[in-house]
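Everything on this sheet refers to the single structure shown next.
Keep in mind the model is a prediction, meaning the values are calculated, not measured. Letters A, B, ... are given to chains in the order of the sequence lines, protein chains preceding strands, and every chain is numbered from 1.
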Amino acid sequence: MLDVKFIRENPELVKQGLLNKNAKDIVDEVLELDEQRRSFIAKTEDLKAKKNQVSSQIPQMKKAGQDTTGVFAEMKRVGDEIALLDGQLRDVEDKLDNILRSTPNLAHSSVPVGATAEQNVEVRQWLPEGFSFTNDFKVLDHIELGKKHSILDFERGTKISGSGFPLYMGKGATLERSLINFMLDSHLNDHGYSEIFPPVLVNRESMKGTGQIPKMEEDMYFIEKDGLYPVPTAEVPITNIHRDEILAEKDLPIKYVGYSPCFRREAGSYGKDSKGFLRVHQFNKVEMVKFAKPDNSYDELEAMVKDAEDILKALKIPYRILLLCTGDLSFSAAKCYDIETWSPAENKWLEASSCSNFENFQARRANIRYRKEDKKLEFVHTLNGSGLATSRLMVSLLENYQTPEGKIIVPKVLQKYTGFDVIG
RNA sequence: GGAAAGGUGGCAGAGUGGUUGAAUGCGGCAGUCUCGAAAACUGUUGUCCGGUUUACCGGAUCGGGGGUUCGAAUCCCCCCCUUUCCGCCA
């Protein structure tokens, strides 16, 4: 969440930043509440100081045998007044907190200003050798391929759970598992991350820490009986590993990678890109998370994007990198690159990864700090990126690796994981 | 699910309702000693908020929230969590 002090000192900057992010301008309201808050603090602390001063004298008065009834009555009155003011102070603070928690992060200055995804900027594109956007045979989409080889069964998935819960069978299941293992191994061995296998049900504090709550609450599953949320991404448990902690400067950046299934209700998005794997309630994702120092967090972001790209290069899947404009940035992000992979059947790019720098927005909520050389405490910057999500990746993989005969070649780097080199 | 014990500073661990932000130990930092290091000794060492603005003052803070009281780490109530034992179980 944004820092009140920062808003107080840079009101115009924040107003413009919120406008750029298509967010509600809360600056004036925040300044007003902040003013009230500080005035209540001044009043109540004055009284408390008085109370403390008198209280410290009471033992001596009693020892000296002085009459304390007058002082007690006076202090009782002061106590009541403090209670009243504290109540009003808390109301103001609650209001302020609610507003700030529901206000998105501001974009970094290097992010292009724009209202919608139309203004996103393509940064680069990578195509495997010999790739062509057109095929001289009729390409099947991933659903047809899945059915043809009995590796994906969306109908039965629906029977078991409901729509949007994919069922992988046979070589499809093996391929999915291989993909996950390959990605984890790459990040561990080639990119210097350490592995996390996180809990996938998390409490409310964790969801607040990374910013899914309160703003995206409707998109989250919730297990009422136990007050737990199935994670929408491993970002939540992994980032919360260090909630309420003080990290050592020498340990930064901390780089974690972990696999988890991801659960999303996708409330209100039915009918749009919803067939097959394109929009699902449960999918698998390997997630990279970094805790970085503020002065080099943007270098870490670039490095993270490259880490994700390496996976696609190894798999030889065509992709492009988009720099999201201010209006398309997610709630908590200050800067974000999307990686999209090519789907020949859909004839379009599909988002398979999103790498973001949240600066101290999450760290402030989750209270994750580090101690600097000069002993001062400062919030870390948190980053995360999919490395990558298997569902959309699987669409591109199956479709790009199909042969004119309708077989599916297993990418070279996956073969030692799958134990087979072709499906069909 | 049943029973019991317990949640105090970076960690361990005291704490009688009244100068207790909190003994003590460890750790951290600085200094003395040393060619240097270790050991020893000395000092120092939480965080957040408000005001002032290098150093100063004030407030809050002993799992969370209420209550009793002039005054709560300490007494009462509710909630959360941890540990141990029993039961159940992948």
Side-chain angles (χ1 to χ4, degrees), chain A residues 1-9 30-101 197 199-209 213 222-229 237 240-252 254 261 291 360-380:
Chain A
M1 77 186 160
L2 299 178
D3 183 9
V4 188
K5 259 186 239 160
F6 183 80
I7 298 175
R8 199 191 299 154
E9 283 156 20
V30 165
L31 291 180
E32 168 66 24
L33 286 168
D34 181 48
E35 196 59 48
Q36 287 180 27
R37 170 177 150 266
R38 285 187 292 157
S39 134
F40 276 124
I41 287 174
K43 283 186 206 160
T44 189
E45 287 193 350
D46 236 32
L47 290 172
K48 284 177 184 172
K50 182 177 172 190
K51 186 187 84 170
N52 287 343
Q53 209 218 332
V54 173
S55 284
S56 70
Q57 285 165 357
I58 284 176
Q60 280 104 62
M61 289 178 70
K62 287 182 113 173
K63 211 174 277 176
Q66 291 176 31
D67 178 30
T68 52
T69 49
V71 181
F72 282 6
E74 167 70 3
M75 285 303 104
K76 173 86 181 152
R77 205 184 51 71
V78 171
D80 291 345
E81 204 175 333
I82 290 171
L84 187 74
L85 285 169
D86 269 347
Q88 292 172 314
L89 172 61
R90 186 188 295 195
D91 286 348
V92 170
E93 284 182 329
D94 284 352
K95 261 190 226 166
L96 194 56
D97 192 62
N98 278 334
I99 292 171
L100 291 174
R101 280 192 180 277
F197 210 141
V200 296
L201 298 183
V202 302
N203 59 31
R204 193 173 173 82
E205 270 314 299
S206 295
M207 293 291 269
K208 280 164 94 170
I213 284 180
F222 180 53
I223 299 167
E224 200 163 346
K225 201 169 177 183
D226 299 287
L228 294 169
Y229 298 81
N240 276 282
I241 287 173
H242 294 300
R243 170 152 51 87
D244 291 322
E245 288 186 14
I246 294 167
L247 307 172
E249 183 169 24
K250 66 176 167 56
D251 294 336
L252 300 178
I254 294 173
F291 301 83
N360 65 23
F361 190 83
Q362 290 181 329
R364 198 175 284 283
R365 294 176 160 238
N367 192 30
I368 306 169
R369 295 171 295 175
Y370 76 104
R371 196 173 292 280
K372 298 197 294 182
E373 206 73 61
D374 61 6
K375 308 278 181 285
K376 291 249 174 63
L377 292 174
E378 184 164 315
F379 289 110
V380 299

Rounded distance in Å between the P positions of B:G50 and B:U42: 40 Å
Distance, P atom - from B:U61 to B:A72, rounded to whole angstrom: 9 Å
ring-ring contact (aromatic ring centres under 6.0 Å, His included) partners for A:Tyr229, two or more places apart: A:Phe222
Distance, C1' atom - from B:U34 to B:G28, rounded to whole angstrom: 22 Å
Inter-nucleotide P distance (B:C29, B:U47), Å rounded: 15 Å
Main-chain N/O of A:Ser206 paired to A:Asn240 side chain as donor or acceptor, under 3.5 Å: yes
C1' atoms of B:U52 and B:G58, separation to the nearest Å: 11 Å
Side chain proximity check, A:Ile58 to A:Phe72, heavy atoms < 4.5 angstrom: yes
Whole-Å gap separating C1' (B:G65) and CG (A:Asp86): 15 Å
Rounded P spacing from B:G7 to B:U44 in Å: 30 Å
Test side-chain contact (heavy atoms from CB on, under 4.5 Å) applied to A:Val380 and A:His242, step by step: CA-CA 11 Å; A:Val380 299; A:His242 294 300; over 6 Å; no
Stems formed with participation of RNA chain B [Watson-Crick or G-U wobble, under 3.5 Å, three or more pairs]: B:1-7 with B:80-86, B:10-12 with B:24-26, B:27-32 with B:40-45, B:46-51 with B:56-61, B:63-67 with B:75-79
Integer-rounded Å distance: B:C70 P and A:Ile82 CD1: 13 Å
Interatomic distance, A:Lys76 NZ vs B:C70 P [rounded to whole Å]: 5 Å
Nucleotides 44-61 of chain B: protein proximity per nucleotide (B base, S sugar-phosphate only, - neither; heavy atom, under 4.0 Å): ---SSBSS------BSS-
Under 3.5 Å donor-acceptor, A:Arg243 side chain and A:Ala366 backbone: no
Nucleotide B:G63, atom C1' - distance to CG of A:Asn203 in whole Å: 14 Å
Residues A:Glu74, A:Arg77: salt bridge by 4.0 Å N-O rule: yes
A:Leu228 side chain reached by A:Asn203 side chain, heavy atoms, under 4.5 Å: yes
Pairwise 5' ranking along RNA chain B for A:Arg90 and A:Val71, keeping only the more 5' one: A:Arg90
C1'-based separation of B:U54 from B:C41 [nearest Å]: 32 Å
Any donor-acceptor pair under 3.5 Å from A:Thr44 side chain to A:Ile41 backbone: no
Nearest-angstrom distance from the residue atom CZ of A:Phe72 to P of B:U68: 17 Å
Sub-4.5 Å side-chain heavy-atom contact between A:Lys48 and A:Asp86: yes
Nearest-angstrom distance, C1' atom, B:C75 to B:G17: 8 Å
